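Reading through the structure tokens given below for one structure.
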Amino acid sequence: MLDNAIRWRTVLAQLEEQVQCALLQTTTSDDGARVPAWWQPPSDLGPVPEELRERALQLAVAQQHAMDRVKSAMRSSRRQSAFVASVPRPGNGVRSAYLDTES
């Protein structure tokens, strides 16, 4: 049972780190570059040990907060993209016109 608890602690630590990175909207790869982290759950982890249940529940709440922040950032990016897309671009048929009022 101790081995399972150690493995769970490792998994929870990895997930907690990823939640923090999501909240900061960044992760770090082995070479120091900032990249999204993709996580694969271990297939043979077993049930959560009772002494880690509260930590796992707190992690689930933190993950939900991180997902909410990411969704909010996505909505904001969509609004910004829509705004930028609405700005007329040169060459789309809209030209400046000047009127000589002194002639």
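Computed from a prediction, not measured in an experiment: that's the story for all the values here.
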| query | Does Asp44 have any salt bridge (Lys or Arg N to Asp or Glu O under 4.0 Å) partners at least two apart in sequence or in another chain, and if so, which? | reply |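 Counting only residues at least two positions away or on another chain, Asp44 forms a salt bridge (Lys or Arg N to Asp or Glu O under 4.0 Å) with Arg7.
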| request: Could you pull out all residues at least two apart from Glu51 that satisfy salt bridge (Lys or Arg N to Asp or Glu O under 4.0 Å)? | output: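 Partners of Glu51 under the salt bridge (Lys or Arg N to Asp or Glu O under 4.0 Å) test: Arg9.
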Among residues at least two apart in sequence or on other chains, which ones pass side-chain contact (heavy atoms from CB on, under 4.5 Å) with [X]?
X: Arg78; result: Met74, Arg75
X: Glu54; result: Leu57, Gln58
X: Ala62; result: Val19
X: Ser81; result: none

| said: Please find the pair of heavy atoms, one from Pro49 and one from Ala5, that lie closest to each other, and give the distance. | reply: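 Heavy atoms only, the tightest pair is CG-CA, 3.7 Å.
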| task | Measure across Ala56 and Val48 and return the closest heavy-atom pair with its distance rounded to 0.1 Å. | result |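 So the two residues come closest at CB-CG1, 4.4 Å.
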Are any side-chain N or O atoms of [X] and backbone N or O atoms of [Y], one a donor and one an acceptor, separated by less than 3.5 Å?
X: Asn4; Y: Pro47; answer: yes
X: Ser76; Y: Ser72; answer: no
X: Trp8; Y: Gly46; answer: yes

| query | Same cluster or not: are Leu15 and Met67 linked, directly or through other Ile, Leu, Val, Met, Phe, Trp or Tyr residues, by side-chain heavy atoms under 4.5 angstrom apart? | reply |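 No; Met67 is not reachable from Leu15 via cluster members.
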